[in-house]
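What follows is a single structure, written as structure tokens, with notes after it.
Ligands are counted one by one from 1 in listed order, and the atoms in each one are counted from 1 as well.
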Amino acid sequence: MNTKFETITLDISGDIATLTVSREKSLNALNKQVHTDLKECLWQLRENADNLHGMIFTGAGEKAFIAGADIVEMSEMTAQQGYDFSVLGQQVSVLFEELPFPVIACVNGFALGGGCEMAMSCDFIYATETAVFGQPEVKLGLIPGFGGTQRLAKLIGRNKAKEIIYTGRNVSIDEAVDLGLVVKKFATQDEMLAAALKTLGQISRNSPLAINEAKQVMNQANDLTLAEGLRLEAERFSDIFGTAEMKEGTSAFMEKRKADFSVK
Ligand code: HXC
């Protein structure tokens with residue numbers, strides 16, 4: 001697997017990947033090259049998913065996770081180029097959502113505009129006390145374009161999302177926790193990364209197949225009525241019956257031992 005990219009770094013340690021946006025001088029702003037690198041990297045991770053059980057997504061440095069889409073690059077775009085840029089970023093966000101293992105966004109500092117949007121396409125968000133969230137696009141004469149109008153509303157409720165998007169104001173870490181945008185806050189970046197690794201380690205002891213099924217059903221539920229979602233849940237629940245992982249999990253319970261899902 002290629003781990004060399006111009007604007008991002010991918011580290012794999014055992015069964016956990018760490019993907020870092022590395023444009024620290026521009027506060028990790030998302031330009032076309034970052035999205036192109038992310039797209040290529042996420043495709044590769046998807047192809048090699050059998051060896052991976054989780055990923056951390058973060059930004060280089062202490063100051064910013066991602067301070068948004070690259071405003072300098074956007075300022076020169078035509079309407080068609082703006083459309084293409086929005087679609088490219090949205091494709092990246094969907095690739096995060098569709099990875100067959102969990103992704104934790106670890107937010108250090110600013111997560112504004114596209115940064116907040118990319119964090120929301122991960123499974124959940126850990127953040128440090130210095131984290132600042134927001135969708136300030138309207139201050140630039142723009143609207144969110146990497147899924148913010150959709151995902152923020154689904155995550156925290158439409159009217160709270162409208163207030164944040166219309167004002168373009170900063171959302172502090174404590175408010176982000178209250179809103180349910182951030183799952184846990186940490187005093188330092190090191191503590192956050194250690195906790196994220198621990199959580200992914202804990203998750204990886206469970207059935208990878210079941211984790212992936214739960215992830216896909218919960219993500220797809222966003223677009224379904226309750227009745228459709230319940231039908232999907234029952235179908236996917238039945239799909240995992242008879243799999244080696246389901247047999248191992250239930251046998252281990254009855255034999256009063258820990259399940260070992262690495263045995264196929
Ligand atoms: C390009 C950026 C940038 C961005 C920061 N930089 N954010 N470059 N795009 N989004 C650059 C600065 O120009 C500066 O470069 C360097 O990073 C350090 O930033 P400073 O502004 O000097 O730092 P500070 O004063 O601490 O302010 C931090 C900040 C501010 C509050 C985060 O940088 C800021 O407001 N950035 C823009 C945030 C934003 O509006 N994001 C939403 C973008 S729109 P130099 O060369 O001067 O050192 C968006 C749309 C998504 O995300 C959808 C698109 C389809």
Side-chain angles (χ1 to χ4, degrees), residues 5-9 19-40 42 57-97 105-122 125 127-156 160-176 179 181-182 189 192:
F5 297 93
E6 198 180 318
T7 62
I8 61 175
T9 55
L19 179 56
T20 308
V21 178
S22 300
R23 291 188 75 215
E24 205 177 331
K25 280 191 184 148
S26 306
L27 303 188
N28 304 318
L30 301 168
N31 60 12
K32 268 187 276 181
Q33 189 59 49
V34 179
H35 280 319
T36 305
D37 285 349
L38 284 173
K39 199 170 162 183
E40 164 71 22
L42 292 167
F57 179 50
T58 194
E62 302 241 320
K63 195 166 168 185
F65 168 69
I66 294 168
D70 191 309
I71 299 167
V72 182
E73 194 179 74
M74 278 192 303
S75 68
E76 302 287 329
M77 287 179 187
T78 61
Q80 180 61 48
Q81 287 166 334
Y83 177 81
D84 294 343
F85 187 54
S86 171
V87 169
L88 178 63
Q90 290 174 357
Q91 286 171 345
V92 170
S93 71
V94 170
L95 283 170
F96 273 115
E97 282 183 335
C106 283
V107 171
N108 41 307
F110 295 107
L112 299 175
C116 188
E117 293 174 301
M118 285 301 143
M120 287 191 291
S121 60
C122 298
I125 304 175
T128 60
E129 277 172 2
T130 60
V132 178
F133 295 83
Q135 298 288 162
E137 287 88 347
V138 294
K139 294 184 174 178
L140 300 164
L142 290 168
I143 65 168
F146 300 149
T149 59
Q150 309 302 304
R151 290 197 182 92
L152 188 61
K154 283 176 176 158
L155 212 55
I156 67 170
K160 286 180 193 166
K162 281 181 171 175
E163 192 262 351
I164 288 168
I165 289 174
Y166 296 175
T167 59
R169 69 180 175 82
N170 285 347
V171 174
S172 71
I173 177 66
D174 288 331
E175 185 183 358
L179 287 168
L181 183 59
V182 168
Q189 202 165 344
M192 169 174 70

According to salt bridge (Lys or Arg N to Asp or Glu O under 4.0 Å), who are the partners of E163, at least two apart in sequence or on a separate chain?
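For E163, the residues satisfying salt bridge (Lys or Arg N to Asp or Glu O under 4.0 Å) (neighbours in sequence not counted) are R169.
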
Less than 3.5 Å apart, which donor and acceptor atoms pair up between the side chains of residues 106-116 and the rest of the protein, not counting sequence neighbours?
residue : atom : partner : partner atom : Å
N108    : OD1  : T58     : OG1          : 3.2
N108    : ND2  : G59     : O            : 3.1
N108    : ND2  : G61     : O            : 2.7
N108    : ND2  : A64     : O            : 3.2

Just checking, is any N or O donor in the side chain of T130 or T128 under 3.5 Å from an acceptor N or O on the other one?
yes

Which donor-acceptor pairs under 3.5 Å do side chains of residues 136-149 form with protein atoms, sequence neighbours excluded?
residue : atom : partner : partner atom : Å
E137    : OE1  : Q135    : NE2          : 3.3
E137    : OE2  : Q135    : NE2          : 3.1

Within a strict 4.5 Å, meaning less than it, do heavy atoms of the F65 and I125 side chains meet?
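With C-beta onward as the side chain, the pair stays apart.
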
Proximal protein residues to ligand 1, non-hydrogen atoms under 4.0 angstrom
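Close residues (ligand 1, cut-off 4.0 Å): K25, S26, L27, A29, K63, A67, G68, A69, D70, I71, M74, F85, S86, F110, L112, G113, G114, E117, P136, E137, L140, G145, F146.
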
R151 CZ to S121 OG distance, which is reported to the nearest 0.5 Å
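These two atoms lie 5.0 Å from each other.
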
